[in-house]
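First up is the structure itself, then whatever we jot down about it.
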Amino acid sequence: MGGSKAYPYGSTSVVRAHVLAALGVLKVASADQIYRLMAPGHKDNKAFRNALLDLARYGITVSEGSSRDGNKLWSLTSLGLDAAAEVLGRPADQMGGTARGAARSGAPHAMAVNETVIAITRTPAAPTSPVPRQRTGSASPPGAVEADAMGPRGIGTVGSWSTEVSLNLPSSRGTRTAVRADAVLQAPEAGLPVLFVEVDNCTETPERLAAKFEKYRTYFRLKTKTAQGRELQVWRSRYAATGRDGHPPVAVVFNPGIRTGPEGLKNRMNTVLQLTRDVWEGTYHQWYSTYGAGEERDGYCDYADAIPVLFTTLDRLQTDGPHGVVWRRCGHVQFETLPDALANPKDRDAWAAREEARRRQRDAQREEQQRAWGVQRECWTQEPHPAPVPQPEPCERCGLPITGQQGLRYDDAPPEDGRHCPTCRTDLQQQPMTLRQALFGKSTRSR
């Protein structure tokens, strides 16, 4: 493409806007990083190099050095920050500094932050003009071919990011910086209202990295009051609520490069994990649930003052994308997807769900027992009544049963006569004989 008098390198307004947006967020970057972040559908980064040169003629961009791999690094001037603020739709006072002088040392940390932003965003490689997309001879539909070329999905856009964000605390002299976040991602459309990102090149001690999390918690604990007098956490005045218990999540992206091997990286992660345990662990509350004859011990973790701390590596993000199983949350036992890593399976809600399940189980057991008792009662009501036991005849003399009182033995009683009970037979035998009985004997009348 030929240039014009105003833009001799032939850049277009669209590409220049891409450059301003990218540098407004990244602060310092190479043309290749801007190209991969903003429009990977272009054939190469030549259009972005031309745009950077055209903008430099107007004092909007400036190059003061190269990265350690030899790529020329660019940043914005003060005039460029104002132009980038207009492109991004942000207030100028939220744009941060110009990163002047960062490129002179190669900006290794800024390059790692840029690569992290690119790996998480993964801007789709949409077709662009004037370079047409190359169609393959595959039998797959064109849409499927382009989807495969795009690779794993990303999260957010360049406008979802901010870098070198100062989280300030009030002091007697105005404000002081509690901690400076390497990057902040706000992508509520992806279920991620806010995510603070720290990029670690493994050049500082684990203790220094771990100390940043206590500063994060100091900032997150800070509270203020709204105009209506309602108490509000300071970070909520800048960012949306996460929808989960506790403070906003902080992700650490380790970039060991060739400086640290796999075993050294593992040891570094474990050291940081142990040093930050008080920050992410939460407080455990134990309860005893008694149902029936058994007692079950259960409980939950209170994460109200805890920070979800996530670990990952830059190469994992670049290979599998942010939606892959690339996140390891401190306190969890394995790598997970981002939603699973951010979830709190041990919180009060999870405990309440288990408690509700136990209550339903108890009610079901009680209903089953009641049903069994009802069946048994029904069987009892349907059983035939036993035949009545025949009652013995009464004694002619006293009216009691002729067999005598139940449970008593009458071994000395006279023989049964069919008319008297054992007691009456004994009494009759012991009575003195009358004259008639003495002369004629006792009669043995039959009944």
Side-chain angles (χ1 to χ4, degrees), residues 1 3-40 42 44-118 121 123 128 156-166 177 180-186 197 199 238:
M1 293 181 293
S4 63
K5 185 176 181 180
Y7 299 103
Y9 291 95
S11 62
T12 64
S13 60
V14 173
V15 176
R16 291 194 297 273
H18 284 336
V19 169
L20 290 172
L23 288 179
V25 170
L26 303 181
K27 301 300 188 293
V28 56
S30 66
D32 185 67
Q33 288 178 329
I34 299 173
Y35 147 70
R36 288 185 288 119
L37 174 63
M38 301 303 300
H42 279 254
D44 53 34
N45 61 23
K46 182 175 177 57
F48 292 88
R49 296 200 308 269
N50 292 339
L52 286 163
L53 292 170
D54 278 337
L55 290 173
R57 295 183 71 251
Y58 294 94
I60 293 177
T61 60
V62 62
S63 177
E64 297 179 324
S66 300
S67 63
R68 295 182 178 180
D69 58 5
N71 288 317
K72 196 173 185 178
L73 297 181
W74 295 84
S75 60
L76 295 174
T77 64
S78 299
L79 182 61
L81 277 180
D82 293 337
E86 185 175 353
V87 172
L88 291 170
R90 296 179 181 176
D93 58 356
Q94 295 183 10
M95 293 300 297
T98 59
R100 293 297 298 270
R104 296 171 187 171
S105 61
H109 184 262
M111 295 299 98
V113 173
N114 294 352
E115 293 299 332
T116 299
V117 173
I118 294 169
T121 307
T123 303
T128 57
T157 64
V158 66
S160 305
W161 288 93
S162 300
T163 60
E164 295 297 317
V165 180
S166 296
T177 301
R180 187 183 298 274
D182 289 340
V184 180
L185 172 62
Q186 296 175 263
V197 179
V199 180
R238 298 181 60 177

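Quick note: numbers below take in every heavy atom, side chains included, and nothing from hydrogens, waters or symmetry partners. Just so it is clear, the model here is predicted, and its values are computed rather than measured.
Looking at D32, its side chain never comes within 3.5 Å of a backbone N or O of N71 through a donor-acceptor pair. Remark: side-chain polar atoms of R57 are paired, donor with acceptor, to backbone N or O of A6 under 3.5 angstrom. Between the side chain of T12 and the backbone N or O of V15 there is at least one donor-acceptor pair closer than 3.5 Å. For the pair T123 (side chain) and L37 (backbone), a donor-acceptor distance under 3.5 Å is present. The closest donor-acceptor contact from the side chain of H42 to the backbone of F48 lies at 3.5 Å or more, if one exists at all.
At a cut-off of 3.5 Å, with distance as the only test, a side-chain donor of S11 or D54 sits close to an acceptor on the other residue.
Rounded to the nearest 0.5 Å, atoms CZ (R36) and OG1 (T121) are 11.5 Å apart.
Side-chain contact between L88 and L20 is absent, with no heavy atoms from C-beta onward closer than 4.5 Å. M111 places a side-chain heavy atom less than 4.5 Å from the side chain of L73. Between T77 and T61 the shortest side-chain heavy-atom distance does not fall below 4.5 Å.
H18 and Y35 have their aromatic ring centers separated by at least 6.0 angstrom.
Shown here are the side-chain contact (heavy atoms from CB on, under 4.5 Å) partners of S63, two or more places apart in sequence or in another chain: K72, W74.
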